[in-house]
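Inspection log for the structure reproduced underneath, given as structure tokens.
Just so it is clear, the model here is predicted, and its values are computed rather than measured.
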Amino acid sequence: MTIKYLKEDNKGNLFTIDMLIAIVFLVLIVGITANIMDQTNEKINDHVARGSIEKIAIETVDNLIKTPGSPDKWEYESIHANTIPGLALKKDKVILNTISFRKLIALSRDYDNLVNKRIFNNDIKSTIAIYPLNSNIEPITIGNINENLNSVSEIASVNRTIQCDYLSENVLLSFNSYDNHKELCINSIENHTHENSYFCKAIAITHDNLTNMNYYLVSSPELINTNSYWSLNDPENRNLIEKSVYETIHLNNDLNYQLNGENEKKIWMHIKPSNQTNFESYLVAIPKGLDLKDIGVDDIKYEYFKLNNAYFVFKVWY
């Protein structure tokens, strides 16, 4: 009887193991490659999204500060059904390199409709902040100011240096030490020394003016608590009741007293500075419906009635 021994075929087993190892490595390489590609695609998508929102922010802020919006004088309208917002100041058909403070107030009152809905179709939210270079003027922030930005997907911010007219268009009379032109005051007819020590100008005031406007005398610090005085009178009454100058003086009662029941009268304002060097004082009229507290203005200071430089910061996110 013949016994045959079967030999093990080690070559087949080794081939199988090599195949398994190769497959494992291949799977690992494919998985790593796929993961890298996913991360790369995610970064590309993030970059595209970031670039897209930054582009939107840049285009929007440039449109806001470089165009006056439509229709003309949209800032005076209470309903903005067909309004395209723009903040640029326009005078005599010329668009100035200045944003309008009044348009900024109008935009703040209807921001969600004019910006979030009209411009962004409610897909993007935003804020506008104005940071004056003059530290005496409070910063202004409007828009989605209470939004929590910790959980937003993308955010972009665009900065621009601008000029803002603030309330300069509300100045009716301006008195300052560098104005060489002095009007011949009615009081100088009887008192020839009056025109040398006073700065005097006249303005027509009506009863309707006093009904619709708040009048103020606002002055620079050089006039405050320095024995400087102001007074009002009309051609029929040349007696002056001089009062001390302080920063902001509400004049409606004094102007109404000068009208004395008449519908319209030319009234003279007189400023007598203790020192005629480097002072400024303005007679201003602000509409009674213009609530400056809507945008954080608590005090009416003379800085608001001058052209001021500021940083315009526009922030968008989704």
Side-chain angles (χ1 to χ4, degrees), residues 49-71 73-90 95-135 137-167 169 286-287 289-299 303-304 308-318:
R50 178 71 184 180
S52 176
I53 195 171
E54 286 181 350
K55 182 179 179 181
I56 290 172
I58 291 171
E59 290 179 350
T60 303
V61 74
D62 286 342
N63 285 332
L64 281 173
I65 66 177
K66 294 180 180 180
T67 64
S70 69
K73 297 184 178 181
W74 66 266
E75 66 273 22
Y76 293 95
E77 298 179 352
S78 57
I79 300 176
H80 301 117
N82 300 309
T83 298
I84 299 174
L87 300 176
L89 190 63
K90 185 178 179 181
I95 299 175
L96 306 179
N97 188 27
T98 303
I99 68 167
S100 165
F101 190 66
R102 186 180 291 274
K103 290 181 180 180
L104 194 65
I105 294 175
L107 188 68
S108 72
R109 291 177 171 176
D110 200 12
Y111 191 91
D112 191 57
N113 176 48
L114 290 174
V115 178
N116 293 336
K117 182 179 179 181
R118 192 69 51 81
I119 297 177
F120 297 135
N121 197 30
N122 290 328
D123 293 327
I124 294 176
K125 295 183 178 180
S126 62
T127 59
I128 291 174
I130 309 292
Y131 298 98
L133 299 186
N134 188 332
S135 59
I137 303 177
E138 295 89 347
I140 299 168
T141 304
I142 63 176
N144 300 96
I145 59 179
N146 297 319
E147 191 80 12
N148 184 2
L149 301 183
N150 293 327
S151 60
V152 301
S153 300
E154 291 292 341
I155 186 170
S157 181
V158 179
N159 299 347
R160 293 286 186 270
T161 301
I162 55 147
Q163 285 188 318
C164 182
D165 70 337
Y166 287 88
L167 293 169
E169 68 173 21
I286 299 178
L290 187 65
D291 191 353
L292 301 180
K293 292 183 179 180
D294 288 346
I295 54 173
V297 177
D298 293 325
D299 299 316
E303 289 94 346
Y304 282 106
N308 280 277
N309 293 323
Y311 293 117
F312 186 101
V313 181
F314 185 62
K315 188 176 294 183
V316 298
W317 65 88
Y318 65 82

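- Between Pro71 and Asn82, the closest side-chain pair of non-hydrogen atoms is not below 4.5 Å.
- Looking at heavy atoms from C-beta onward, Asp62 lies out of side-chain contact with Phe314 at the 4.5 angstrom threshold.
- Interatomic distance, Trp74 CH2 to Leu114 CG, rounded to the nearest 0.5 Å: 6.0 Å.
- Closest of all the heavy-atom pairs between Ala88 and Lys103 is O-NZ, 2.7 Å.
- Between Arg102 and Asp165 no salt bridge is recorded (no basic side-chain N to carboxylate O distance below 4.0 Å).
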Evaluation steps, side chain to side chain contact (heavy atoms under 4.5 Å, CB included), between Tyr311 and Thr161: CA-CA 5 Å; Tyr311 293 117; Thr161 301; 3.6 Å; yes

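- Interatomic distance, Tyr304 OH to Ile286 CD1, rounded to the nearest 0.5 Å: 10.5 Å.
- Considering only heavy atoms from C-beta on, Ile128 stays 4.5 Å or farther from Val115 through its side chain.
- In this structure, Ile95 and Lys66 have side chains that are not in contact, with every pair of non-hydrogen atoms separated by 4.5 Å or more.
- In terms of heavy atoms, Gly289 sits closest to Arg109 at O-NH2, 3.2 Å.
- With a 4.5 Å cut-off on side-chain heavy atoms, Phe120 and Val316 count as touching.
- Here the closest non-hydrogen pair linking Pro132 and Pro139 is CD-CA, 3.8 Å.
- Counting only heavy atoms from C-beta outward, the side chains of Pro85 and Leu87 never approach each other to under 4.5 Å.
- With rounding to the nearest 0.5 Å, the separation of CD1 in Ile53 from OG in Ser126 is 10.0 Å.
- Atom-to-atom distance recorded for Leu133:CG and Asn308:CG is 8.0 Å, nearest 0.5 angstrom.
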Check step by step if side chain to side chain contact (heavy atoms under 4.5 Å, CB included) holds for Leu149 and Lys315. CA-CA 11 Å; Leu149 301 183; Lys315 188 176 294 183; 4.0 Å; yes

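- A distance of 6.5 Å separates CG of Asn97 from CD of Gln163, quoted to the nearest 0.5 Å.
- For the atom pair CD1 of Ile124 and OG of Ser52, the computed distance is 7.0 Å after rounding to the nearest 0.5 Å.
- Taking both residues in full, the closest heavy atoms of His80 and Asn113 are given as O-ND2, 3.8 Å, listed atom of the first, atom of the second, then distance.
- Residues Lys125 and Asn116 share a closest heavy-atom pair of CA-OD1, 3.8 Å.
- The shortest side-chain heavy-atom distance between Ile130 and Tyr166 falls under the 4.5 Å cut-off.
- Distance alone, capped at 3.5 Å, places no donor-acceptor pair between the Asn121 side chain and the Asp123 backbone.
- Residues Asp112 and Lys117 are not in side-chain contact: their nearest non-hydrogen atoms beyond the backbone lie 4.5 Å or more apart.
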Would you check, one step at a time, whether the test side chain to side chain contact (heavy atoms under 4.5 Å, CB included) holds for Leu167 with Phe101? CA-CA 7 Å; Leu167 293 169; Phe101 190 66; 3.7 Å; yes

